[in-house]
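Lettering of chains follows the sequences in order, A, B, ..., and the numbering in each one begins at 1.
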Number of protein chains: 2
Amino acid sequence: MNEAYRSGCPINLTLEVLGDRWSLIVIRDIMFGNRRHFRELLQNSEEGIASNILADRLKRLVERGLLSREDDPSHKQKGIYSLTEMSIRLVPIFAEMGAWGRRFMPVSEELSIRAQLLEEGGRPLWEDFMAELRVLHLHAPRDPGKPSVFDRLRAAYLEVVARNAAAPDAAE
Amino acid sequence: MNEAYRSGCPINLTLEVLGDRWSLIVIRDIMFGNRRHFRELLQNSEEGIASNILADRLKRLVERGLLSREDDPSHKQKGIYSLTEMSIRLVPIFAEMGAWGRRFMPVSEELSIRAQLLEEGGRPLWEDFMAELRVLHLHAPRDPGKPSVFDRLRAAYLEVVARNAAAPDAAE
DNA sequence: TAAACTAGTTGCAAAAAGCAAGCAGTTGAA
DNA sequence: TTCAACTGCTTGCTTTTTGCAACTAGTTTA
């Protein structure tokens, strides 16, 4: 439990907590896909995470304050994983990573539409999105006037999926 | 050499290239510390990277287009590693990671002063810094009017180091 | 009451990271 | 001209992490 960090550099410390192949993927699925249970995270995983690694990452992320876990009142075995302020504040990093990936990597259209919207919306949209994640995950009061960024991102994604299902030759 | 990616998600693809414990550390040292040779990267490494891992990462990053390597004309054995446009565009990610690390992790004052300046300067400063990295690494023509962001970051760092050397009890 | 579903475990193989030492070629000073 | 120091790595070995597949104990639903 005694964590000795390699250095006090903020980039290094961020990397020590998030710099592996799965931690950010798990947080991404909770954040953008609203997957809150173990099975949802396991079975809907685009990248196919293994159950032992998912279990390990969830445990580690809870220990380190990036996620919280509560029992689901509707099912004695289910746990509900939620973002914390610490992970909600990763939104700008996700947005920048998405923008970079879109520019330099062979992304698919379907999976990059959300990154595009986040990039185009810029910091004001990120702030709205973070406020909304606080409603979803931290029981913050909902701002009645605001349209949902979360829903907008999901709708855009589903629209692309539907369009590509209709004309599968144009996919990717 | 046949790279099969786990998915076409931009965040995943970024993670597949940079999501390990050392790649971004190496790029950080080249970018902010202007370390251009193998030995410089090895011996001045704050985190103590091993030589075999450094060799492997340099090779991988060159293969993947994040660094380029040229022979140093002044020494037959030396290679000079440079950033590419692909890695220069990581500046916003570094800035956001630095800001996040400063907020949530136990950073040291000395090593976080640059992150603080980048955060305060915002995107306009990042753009200036990227322009300057293009001069240093891509042989872009220097803009004569601009004061150097790189020098400013370094000066701020050295100032903190000097201050803490004078009053070592206040050091983190 | 049995099938299906829940959150994980367990055991083992493969890959990656980490450590310490070594190496062939190059340079610069005596 | 010779030798120590320096160059970018490499090698051999151990430890840690990842990945795969099967399995488990308890819970819910039909």
When you measure from the side-chain N and O atoms of [X] to the phosphate of [N], is any distance below 4.0 Å, counting only OP1 and OP2?
{"X": "B:W22", "N": "C:dG18", "result": "yes"}
{"X": "A:R57", "N": "C:dG8", "result": "no"}
{"X": "B:R69", "N": "D:dC9", "result": "yes"}

Original post:
What are the residues of residues 44-56 of chain B, sorted by number, that bring a heavy atom to within less than 4.0 Å of DNA chain C?
Top reply: B:S51, B:N52, B:I53
Send over the distance from [X] [atom1] to [N] [atom2], rounded to a whole Å.
{"X": "B:D72", "N": "D:dG8", "atom1": "CG", "atom2": "P", "answer": "9 Å"}
{"X": "A:K76", "N": "D:dT28", "atom1": "NZ", "atom2": "C1'", "answer": "11 Å"}
{"X": "B:L42", "N": "C:dG22", "atom1": "CG", "atom2": "P", "answer": "17 Å"}
{"X": "A:F38", "N": "D:dA25", "atom1": "CZ", "atom2": "P", "answer": "17 Å"}
{"X": "A:L41", "N": "C:dA7", "atom1": "CG", "atom2": "C1'", "answer": "12 Å"}
{"X": "B:R39", "N": "D:dC6", "atom1": "CZ", "atom2": "C1'", "answer": "7 Å"}
{"X": "B:Y81", "N": "D:dT7", "atom1": "OH", "atom2": "P", "answer": "14 Å"}
{"X": "A:D71", "N": "C:dG8", "atom1": "CG", "atom2": "C1'", "answer": "14 Å"}

Original post:
Just wondering, more than 12 heavy atoms not from B:R154 lying within 6.0 Å of its CZ?
Top reply: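 For B:R154, atom CZ is not crowded (no more than 12 foreign heavy atoms under 6.0 Å).
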Subject >> Exceeds 12 heavy-atom contacts within 6.0 angstrom, atom CZ of A:R134 >> reply: yes
Original post:
So, do B:F94 and B:F129 have ring centers that fall under 6.0 Å from each other?
Top reply: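 They do not qualify: ring centres at least 6.0 Å apart.
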Original post:
Counting distance only, does the side-chain N/O of A:T14 pair as donor-acceptor with the main-chain N or O of B:M97 below 3.5 Å?
Top reply: yes
Original post:
Can you check whether B:C9's main-chain N or O pairs, donor with acceptor, with A:E46's side chain at less than 3.5 Å?
Top reply: no
Original post:
Is B:R57 salt-bridged to B:D20, cutoff N-O under 4.0 Å?
Top reply: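 Looking at B:R57 and B:D20, the cut-off is met.
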Subject >> Distance-only donor-acceptor test (3.5 Å): side chain B:Q77, base C:dT26 >> reply: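 A donor-acceptor contact between them is absent.
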**OP:** Please lay out, stage by stage, how B:R123 and B:E127 fare under the test salt bridge (Lys or Arg N to Asp or Glu O under 4.0 Å).
**Re:** CA-CA 6 Å; B:R123 199 163 302 265; B:E127 291 295 338; 5.4 Å; no
